[in-house]
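Computed from a predicted model, the values in this text were never measured in an experiment. In what follows, residues are counted from 1 in the order of the sequence shown.
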Amino acid sequence: MEIWPAIDLRGGNCVRLRQGDYEQETVFASEPAEVARRFQQEGAKRLHVVDLDGAREGTPVNLPAVQEILEAVNLTIELGGGIRDEQSISELLDFGVDRLVVGTSAIKHTDWFQEVVRKFPGKLVLGIDARDGRVATDGWLETSDLGAVELAQRFSDEPLAAIVYTDIATDGMMRGPNVEAMAEMQRAVSVPVVASGGVTTAQDVRELADAGLAACIIGRALYEGSLTMADAIAAAGDG
């Protein structure tokens with residue numbers, strides 16, 4: 001299973017939110033590129049970057065910080081947050097990002113998303129954020145009636161790079177991931193599923209790997225020291 005350490009950007013800083021709540025923010029670093037460099041030194045091969053301001057504004061905001069990260073490391077970079085039109089997709093891929101996470105626009109404009117996934121095969125990731133199994137949009141500010149698995153199955157036969165499935169209830173809470181929901185999602189689709197939310201210990205990583213997940217994203221646990229990159233890589237078999 002692949003390990004994707006997370007860098008969440010807000011106001012140019014590296015931050016973490018609790019359950020996606022912008023009012024419950026912890027700033028971990030003012031130089032995200034330094035954080036990226038440290039992850040690389042600790043053995044990371046990939047990086048999951050989220051533009052939290054972009055998720056709210058509907059357009060990428062923290063591009064200077066993203067550019068600094070790209071210049072600082074030689075890692076596979078995945079970026080999400082505010083990517084809602086084809087021009088942004090094209091420009092960000094040209095910018096040097098390896099793959100892009102699209103969430104809100106994929107849900108609200110399914111025909112458009114199907115079209116761009118086919119236009120950029122293997123470059124787009126469907127971002128599904130769920131609260132109690134229901135899809136949340138617009139930086140987690142809105143919750144729809146659409147089921148997360150139902151949404152995933154709509155695009156399961158498309159040339160997606162992956163599906164990032166975030167359980168909002170566990171995100172940033174340091175209480176472990178919703179392994180059952182993540183496993184259900186991976187069983188339901190043929191696309192690789194990346195688990196996000198709540199990964200706190202090496203045991204959490206092992207459980208997700210045993211459940212058949214393709215990858216997991218780890219955030220707060222790496223920043224607060226309850227889990228090291230080395231232990232996460234070992235537990236995932238990501239050698």
Side-chain angles (χ1 to χ4, degrees), residues 1-8 14 16 28 35-50 69-70 72-80 97-101 121-130 148-149 152-153 155-156 159-239:
M1 186 175 71
E2 297 177 355
I3 297 295
W4 291 77
I7 293 181
D8 288 2
C14 175
R16 296 300 292 169
F28 284 105
V35 176
R37 195 175 284 116
R38 188 180 79 238
F39 283 142
Q40 179 170 268
Q41 291 168 348
E42 293 173 353
K45 302 171 188 172
R46 314 161 195 89
L47 202 57
H48 176 78
V49 181
V50 180
I69 290 169
L70 286 167
V73 296
N74 181 27
L75 299 173
T76 299
I77 306 291
E78 172 179 274
L79 175 66
V97 176
D98 295 284
R99 60 192 211 180
L100 301 167
V101 182
K123 291 292 186 180
L124 299 184
V125 175
L126 173 59
I128 301 180
D129 303 327
V149 170
Q153 288 177 329
F155 298 104
S156 184
L160 288 166
I163 292 171
V164 169
Y165 185 30
T166 303
D167 180 61
I168 295 173
T170 61
D171 191 72
M173 297 302 290
M174 302 285 286
R175 294 177 186 163
N178 187 338
V179 177
E180 186 177 332
M182 299 298 160
E184 179 189 7
M185 177 65 77
Q186 185 63 88
R187 288 194 300 269
V189 297
S190 56
V191 178
V193 174
V194 182
S196 174
V199 177
T200 306
T201 65
Q203 180 61 28
D204 293 337
V205 176
R206 276 190 291 273
E207 288 181 9
L208 289 169
D210 290 345
L213 276 296
C216 75
I217 292 167
I218 309 174
R220 184 178 288 270
L222 293 173
Y223 293 98
E224 296 192 349
S226 70
L227 182 60
T228 66
M229 274 299 304
D231 287 346
I233 290 168
D238 187 24

What is the minimum heavy-atom distance between A148 and A130, and which atoms define it? CB-CB, 4.0 Å
Considering all heavy atoms, the nearest G127-V101 contact: CA-CG1, 3.6 Å
Yes or no on side chain to side chain contact (heavy atoms under 4.5 Å, CB included) for L126 and I128, after CA distance, side-chain angles and deciding distance? CA-CA 6 Å; L126 173 59; I128 301 180; 3.8 Å; yes
Check L75 against A44 and note the closest heavy-atom contact, atom names and distance. CD2-O, 3.0 Å
As an exercise, state the distance from CE of M229 to CD of Q41, rounded to the nearest 0.5 Å. 12.0 Å
Sidechain-backbone polar pair: D167 side chain, G197 backbone, donor-acceptor under 3.5 Å: no
Backbone N/O of V194 and side chain of E2: donor-acceptor pair under 3.5 Å: no
Shortest non-hydrogen contact from T76 to D98? CA-OD2, 3.3 Å
Kindly indicate whether the side chain of R99, heavy atoms from C-beta on, has any atom under 4.5 Å from the side chain of L124. no
May I ask you to decide if the ring planes of F39 and Y223 are parallel, tilted or perpendicular, using 30° and 60° as cut-offs? perpendicular
What I'd like to find out is whether the side chain of V125 reaches to under 4.5 Å of the side chain of L160, using heavy atoms alone. no
Main-chain N/O of I217 paired to S196 side chain as donor or acceptor, under 3.5 Å: no
Taking CD in E180 as the centre, count heavy atoms belonging to other residues, nucleotides or ligands within less than 6.0 Å. Is the count above 12? no
Report the C-alpha separation of F28 and V35 in whole Å, then their side-chain angles, then the decisive distance to 0.1 Å, and conclude whether the side chain to side chain contact (heavy atoms under 4.5 Å, CB included) test is met. CA-CA 9 Å; F28 284 105; V35 176; over 6 Å; no
d(M182 CE, Y165 OH) to nearest 0.5 Å is 6.0 Å
I would like to know whether I77 and R46 meet side chain to side chain contact (heavy atoms under 4.5 Å, CB included); could you show each step before the answer? CA-CA 6 Å; I77 306 291; R46 314 161 195 89; over 6 Å; no
Counting C-beta onward and ignoring hydrogens, is there a side-chain heavy-atom pair between V191 and F155 closer than 4.5 Å? no
Taking distance alone, no hydrogens or angles, what donor-acceptor pairs closer than 3.5 Å link side-chain atoms of residues 203-211 to residues at least two apart or in another chain?
{"from": "Q203", "atom 1": "OE1", "to": "R206", "atom 2": "NE", "distance (Å)": "3.3"}
{"from": "Q203", "atom 1": "OE1", "to": "R206", "atom 2": "NH2", "distance (Å)": "3.3"}
{"from": "Q203", "atom 1": "NE2", "to": "E207", "atom 2": "OE2", "distance (Å)": "3.3"}
{"from": "D204", "atom 1": "OD2", "to": "T200", "atom 2": "N", "distance (Å)": "2.8"}
{"from": "D204", "atom 1": "OD2", "to": "T201", "atom 2": "N", "distance (Å)": "3.0"}
{"from": "D204", "atom 1": "OD2", "to": "T201", "atom 2": "OG1", "distance (Å)": "3.4"}

Side chain to side chain contact (heavy atoms under 4.5 Å, CB included) assessment of V149 paired with E184: CA-CA 8 Å; V149 170; E184 179 189 7; 4.1 Å; yes
Between CE of M1 and CD1 of I3, what distance do you get to the nearest 0.5 Å? 4.5 Å
What's the shortest heavy-atom distance between I233 and G43, and which atoms? CD1-O, 3.5 Å
Using modelled atom types and a 3.5 Å cut-off, is there a donor and acceptor pairing between side-chain atoms of Q40 and backbone atoms of N74? yes
Report the distance from atom CG of L227 to atom CD1 of I218, rounding to the nearest 0.5 Å. 5.0 Å
dist C216:SG -> H48:NE2 (nearest 0.5 Å) comes out at 11.5 Å
For the CD atom of Q186 and the CD1 atom of I163, what is their distance to the nearest 0.5 Å? 8.0 Å
Between R37 and A72, what is the shortest heavy-atom contact and its length? NH2-CB, 3.3 Å
